[in-house]
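Residue numbers begin at 1 in each chain, while the letters A, B, ... track the order of the sequences.
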Amino acid sequence: MEDLKIGVYVCNCGTNIAHVIDAESVKNYAATLPGVKIARSYRYMCSNPGQEMIVEDIRSQGLNRVVVAACSPRMHERTFRNACRTAGLNPYLCEMANIREQCSWVHNDSVAATEKAMALTRAAVLRVACQEPLEGLTAEMCPTTLVLGGGIAGLTAALELADGGFPVVIVERADRLGGNLTRVDLTAPHFDSARDLVRERIAHVRGNPNVTVMLRSELRSLSGFVGNFTAEIATNGGKPTKVRVGNVVVATGYKEFDASRVTHFGYGKLPNVITSFDFERMLRAGRIETKDGRLPQYAAIIHCVGSRSEEFHAYCSRVCCMTALKYANEIKSAIPTCYVSDLYIDMHAFGKGCEDFYKRSSEAKTLFLMYGKGDHPVIRRAASTDDCDMLIEVEEKLSGEHIEIPADLVILMVGMEARADAADVAHVVNISQDKSGWFIESHPKLDPVATTTDGVYIAGTCAAPKDIPDTVAQARAAAARILAKIAKGKIEIDGVFAEVNEEQCSGCRMCNELCPYSAIEFDADKKRSHVIPAACKACGACVAACPSAAIKGRHFTDAQIFAQIEGVLL
Amino acid sequence: MAAKKLQIALYWGAACGGCDVAVLDTNEFILTVGEAADIRLWPIAADGKYQDIEAMADGELDLSLFNGAVRNSENEHIAKLLRRKSKLLVAFGSCAHLGGIPGLANLTSKEDIFATAYLGNASIEPGNRTVPHPKTQVNGHSLEIPAFYRRVYRLSDVVDVDYFVPGCPPEPSQIKNVLLAVVKGELPPKKSVVGASERTLCDDCARRKTEKKVKRFYRPWEIIQDPERCLLEQGIVCMGPATRSGCGVRCPNSNQGCRGCYGPAPGVVDHGAKFLSAISSIIDSKDPKEIDAILGTLPDFIGIAYRFGLPASILQRRHGA
Ligand SMILES: Cc1cc2nc3c(=O)[nH]c(=O)nc-3n(C[C@H](O)[C@H](O)[C@H](O)COP(=O)(O)OP(=O)(O)OC[C@H]3O[C@@H](n4cnc5c(N)ncnc54)[C@H](O)[C@@H]3O)c2cc1C
Ligand code: SF4
Ligand code: SF4
Ligand code: SF4
């Protein structure tokens, strides 16, 4: 090997690092370490002049390794790797020592923190000496996308991709497309027909030659990796067929909360206590009536059924408040003499046009009653002498009074919850669920439709409750992410992944089931395991487990890790 | 060049004698060796005094096979002496290679060992309870015995070792191979492990392997095993996947789990740690309580995983006991 010529760059990060750590001493110390040719400190290493300093030194001094003692690699590893690449140095010959998050930000004692910064820098210098140049790989990207679920989310994503000219397979479990929206009448806040919205989408999907719709179907397994998945799809419970797909959009939606779980509302016992979905059915049938066919004189709507409660779901289901207002409006226009009361905890009207809708609705003579979050209204049968079917008791929060209101029809605004089989879906496509069962995104703010499995996206209400506009936006976002990838034609695979040395592998198969990303395959003929680089996330689980040391974690070899440990301990 | 007889020494440090017996187990072959070589020291089988070795010129011996660990000052002294006098010094057998069974003593202390052996032992008569001291005065005479060290070392901890022959004890056929390689000058680069394979035992084991998932571990007598199927998959602890092959798959072929005497696979730093991460990777549960319960069915884990290699483990590297 050629002689080591390591450049060490100690960043001040303005005062972020320098106010605790004596960066000059760290720099001077680094200059004495084995193989170090140059050590410098600078105000902002990540700035353009900082990066150029590295590029210039690599070029003029022939540096063959670079250490940047600065912030977390998560923050700027890419920046400094790119600087190395610009100067013609393999980016994997660059190492960072985290003297900010792991040092200046967490210590007050300057002397001790400076010593620790030196130790971290020494660890990086010893490690970088063992680092090897690495190259990434490329793989083909299959242009077909699998869309799981044919609700508004799935339909929208499919159309977006198909309009882009690429094949889509929609796998829908039910015997028709449309999902939950086919059960909704008009939509809040603009009173468009949900059926029309869905029909329009379905018609386009049906007319698009790029879309294959598989009804009464389910995804049995998904193997492979981004760009190169094999999906096994079974229709009518029959033998599965194999389909090659590059990406997957999971759009399996939600189910409504089961109102009979809330005993004090008497759902299932009191005939005129119904859920929002029951009421939608009435609206679509065109007649609002009680069980025995009378027009209700008093109607009451109760919010947050199953939502925002300690007992059931802590989250807000987001669409029911506006749907409740929609109901109040629809009852008023169908039966102008009907008294409508609306029992809510807080009125959540955050969507576009929603606050306005609330204002208009409150002027339309609906009686709004606020109840406490830990509290709940109680419904009981009225006496035969009363002019109503039921009485609702509520501690009204604004007036502070115990109020009793009459009702002939009570509508429970049931929230949304994750589907019963969400865990199975998560398992098949290898994504995670949060504590409520919703699928987890890669980053809640910056990467809301991707997941931790490359090539698997989530859209719509399977990720959390949301209304149609948000659902559609996510579906289009997922499609856009996939289109961008398909447009590239190939996928680039990072140079850091695990590798099995077939000479050393004994075929013991200990690693096979271990990989959280299903990146390991066993070749039964050769009796050897191997890693699919594109699927490997370099977590290292198999590297540690392989008892014959046949698996090497590229960029995390034993030699590199021991050198690093040696560095901090010396 | 006239065929000069090979000059050989065999020595035992802290050992059970099995390694020497394994050499004898090469049967007639050892007689051939006797003809082709001068055995200058072999405490178990031949004459030869330490003074004779001390009187030799440096490098006069062609080959020294050192079996046993380094437990006391005598072991270390002879190890250094043989190193000086030999062209090739071989750590022979598990104890010299990795510390071996005696190395398990590193789990306790010199004081505890003495207390058990010389003070607390029921067979010692009261009044005779005394621990050994390196120097003692008896009737005006000064007696010296080797000093017992605070911990057990493998040979390479005290001297530079040229080759390592693993096994507890090494397989006679492998011993032959090594001796023939010495005679023919066909040895691999120095510091290599010789008389063994570059693969793991699993690779040579004929049992059927599928994916491993273990719900509980069994001691061999607790279960009627399937002789065709991987032992580990049946919950019988077997170090085969983590152990260098070369023994001829002796234990699994006799329906016993591999005990790991041939040491770790090439490139592995810590045999026991490697086996621990392997074992923990096949436990079939995600529930912490259940995992604890499954691990509870594994008796004496350190005794299993480090049976032959505690002194070689990184567990004790930095702070010697
Ligand atoms: C009473 C009520 C009224 C509403 N009114 C409004 C409104 O006025 N305005 C508004 O913006 N929003 C409204 N919403 C919200 C709206 O329903 C959702 O935003 C929308 O339906 C979400 O669509 P989706 O595609 O995510 O899910 P879904 O509609 O649930 O579609 C999911 C599809 O996936 C299928 N599927 C599920 N699992 C699988 C599987 N494993 N394999 C294959 N297929 C599967 C299902 O069969 C279904 O077809 C309302 C909600 C409720 C409860
Ligand atoms: S949207 Fe309104 S009714 Fe629905 S859970 Fe949220 S606050 Fe309750
Ligand atoms: S754990 Fe190692 S030896 Fe066993 S199959 Fe996997 S790669 Fe091969
Ligand atoms: S390093 Fe992790 S992700 Fe990669 S193959 Fe091994 S277990 Fe799977």
Side-chain angles (χ1 to χ4, degrees), chain A residues 130 223 423 426-427 432-433 498-529 539-554 556-570, chain B residues 196-214 229-233 237-246 249 252 257-258 260 262-286 304-305 314 317-319:
Chain A
C130 308
S223 55
H427 180 75
S432 322
Q433 293 174 282
E499 231 171 12
V500 177
N501 174 348
E502 293 196 356
E503 287 292 304
Q504 252 170 293
C505 170
S506 70
C508 74
R509 308 194 63 174
M510 256 184 203
C511 55
N512 289 188
E513 279 287 290
L514 198 64
C515 175
Y517 307 96
S518 314
I520 304 180
E521 283 179 343
F522 183 71
D523 183 330
D525 294 333
K526 283 204 241 167
K527 294 208 170 62
R528 296 287 180 259
S529 296
C539 74
C542 64
V543 182
C546 174
S548 54
I551 313 185
K552 171 173 143 190
R554 302 208 325 167
F556 292 92
T557 63
D558 281 356
Q560 290 161 2
I561 291 169
F562 279 116
Q564 200 167 11
I565 295 173
E566 212 62 38
V568 278
L569 292 182
L570 264 173
Chain B
S197 154
E198 289 301 297
R199 296 259 178 94
T200 62
L201 191 74
C202 259
D203 212 17
D204 291 335
C205 173
R207 286 172 183 260
R208 190 178 64 247
K209 290 155 220 146
T210 53
E211 282 163 40
K212 296 186 169 38
K213 281 192 176 302
V214 174
R229 186 166 171 226
C230 167
L231 289 161
L232 208 45
E233 285 169 23
V237 176
C238 176
M239 286 192 67
T243 302
R244 190 189 276 270
S245 194
V249 201
C258 163
Y262 265 63
V268 171
V269 177
D270 190 305
H271 198 188
K274 201 66 191 151
F275 187 61
L276 175 61
S277 36
I279 276 278
S280 49
S281 310
I282 60 171
I283 287 172
D284 188 15
S285 172
K286 290 205 165 18
I304 296 171
I314 54 175
R317 260 231 194 122
R318 201 153 282 275
H319 301 284

| task | Flag the one option from Arg244(B), Arg199(B), Met239(B) with the top tally of heavy-atom pairs under 4.5 Å to chain A. | result |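 Option with the greatest count: Arg199(B).
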| request: Quick one: which of Ala273(B), Ala242(B), Ser280(B), Pro264(B) has the most heavy-atom pairs under 4.5 Å with chain A, could you say? | output: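 Most heavy-atom pairs within the cutoff with chain A belong to Ala242(B).
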| field | Derivation of the side-chain contact (heavy atoms from CB on, under 4.5 Å) call for Lys212(B) and Leu514(A) | value | CA-CA 10 Å; Lys212(B) 296 186 169 38; Leu514(A) 198 64; over 6 Å; no
Please check this pair: side chain of [X] against backbone of [Y], looking for a donor-acceptor N/O pair closer than 3.5 Å.
X: Gln504(A); Y: Pro266(B); answer: yes
X: Lys274(B); Y: Cys546(A); answer: yes
X: Lys209(B); Y: Gly507(A); answer: no
X: Ser277(B); Y: Ala544(A); answer: yes

| query | Minimum heavy-atom separation for Ala549(A) to Val268(B), with atom names? | reply | CB-CG2, 3.4 Å
| message | Give me the atom names and distance for the closest heavy-atom approach of Asp558(A) to Gly267(B). | response |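 Where Asp558(A) meets Gly267(B) most closely, the heavy atoms are OD2-O, 4.1 Å.
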Please report the interatomic distance [atom1]([X]) to [atom2]([Y]), rounded to the nearest 0.5 Å.
X: Asp203(B); Y: Cys505(A); atom1: CG; atom2: SG; result: 7.5 Å
X: Lys213(B); Y: Arg509(A); atom1: NZ; atom2: CZ; result: 11.5 Å
X: Cys508(A); Y: Glu211(B); atom1: SG; atom2: CD; result: 11.5 Å

| message | Using heavy-atom distances under 4.5 Å, tell me whether Leu201(B) contacts chain A through its side chain, its backbone, both, or neither. | response |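 No part of Leu201(B) comes within 4.5 Å of chain A.
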